[in-house]
Amino acid sequence: MNTTTKPNRLLLALMGLLLAILLIGAGGFMWLNNNGDGNTALGIGGPFTLENGDGKPVTDKDFRGKYMLVYFGYTFCPDVCPTTLNAVADAMDKLGPAAAARLQPLFITIDPKRDTPALVKQYVAAFGPNIVGLTGTPEQIAQIAREYRVYYAEHRTGPGPNDYSMDHSSVLYLMSPTGAFIAPVRADESGEEIAANLKKLMG
Ligand code: NI
């Protein structure tokens with residue numbers, strides 16, 4: 001890392017933190033002010049077509065009837081993604097079988113160049129049986145990232161084609177069984193805290 005990249009990284013981290021604070025602040029506000037259908041003025045979320053771990057097309061409509069807990073990351077992530085997915089798997093246990101059956105955690109890669117369907121499938125399976133991993137074309141991923149206001153960018157670490165990491169925002173999005181955004185859920189908390197937040201939001 002040279003000296004010019006350091007301020008950029010710091011700036012990105014600060015932007016990510018600011019975004020998370022804004023989302024969480026807005027989520028609390030909307031939670032108090034919505035009528036129960038989860039529709040909000042922020043317009044987070046929307047239709048998507050992606051690929052599941054078997055390379056089959058999947059759309060948002062395939063998850064209707066369940067709450068979705070959506071997280072964006074990538075399988076080569078050194079720390080934040082595995083920590084978050086561990087916490088999500090733990091939260092599913094802490095919710096208990098009845099509540100967990102109403103919730104579908106989704107891990108959507110923002111590194112579609114490297115994250116093939118098979119790789120994403122194998123990766124999420126390591127955290128537990130409940131998380132569905134999705135990938136897609138770079139265009140499909142760009143579209144859903146826009147819909148969910150997800151920030152992601154390649155960060156070069158060397159000259160080779162795979163010498164990069166991904167900077168990305170880290171927020172869990174709780175979506176209603178009809179696909180509407182309910183609230184952001186902090187991704188940097190324990191499984192127990194995430195489960196407690198979900199219980200409140202899922203009613
Ligand atoms: Ni990550």
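Indexing begins at 1, ligand by ligand and atom by atom, following the structure's order. In this text, all values refer to a predicted model and were calculated from it rather than measured experimentally.
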Check your understanding: List-wise, which protein N, O or S atoms are found short of 2.8 Å from the Ni ion (ligand 1)?
Key ->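 As for protein N, O or S atoms lying under 2.8 Å from the Ni ion (ligand 1), they are Cys77 SG, Cys81 SG, His168 NE2.
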Review point. Taking 4.0 angstrom as the limit, do Glu193 and Arg186 come out as a salt bridge?
Key: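 Salt bridge flag = no for Arg186 with Glu193.
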Practice item. Could you tell me whether Arg149 sits above the aromatic face of Tyr173, with NZ or CZ closer than 6.0 angstrom to the six-membered ring centre and within 45 degrees of the axis? Key: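 No, Arg149 does not lie over the aromatic ring of Tyr173.
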Review point. Within 45° of the axis and under 6.0 Å from the centre of the six-membered ring of Phe48, does NZ or CZ of Lys61 qualify?
Key: no
Check your understanding: Hey, are the side chains of Tyr74 and Ser165 touching, using non-hydrogen atoms and a 4.5 Å cut-off?
Key ->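 Touching, per the 4.5 Å side-chain cut-off.
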Exercise for review: Go through Glu139 and Gln143 one step at a time and tell me if the side chain to side chain donor-acceptor pair (under 3.5 Å) criterion holds.
Suggested key: CA-CA 6 Å; Glu139 292 75 23; Gln143 186 187 333; over 6 Å; no
Practice item. Assess the pair Phe72 and Tyr152: is the distance between their ring centroids shorter than 6.0 Å? Key: no
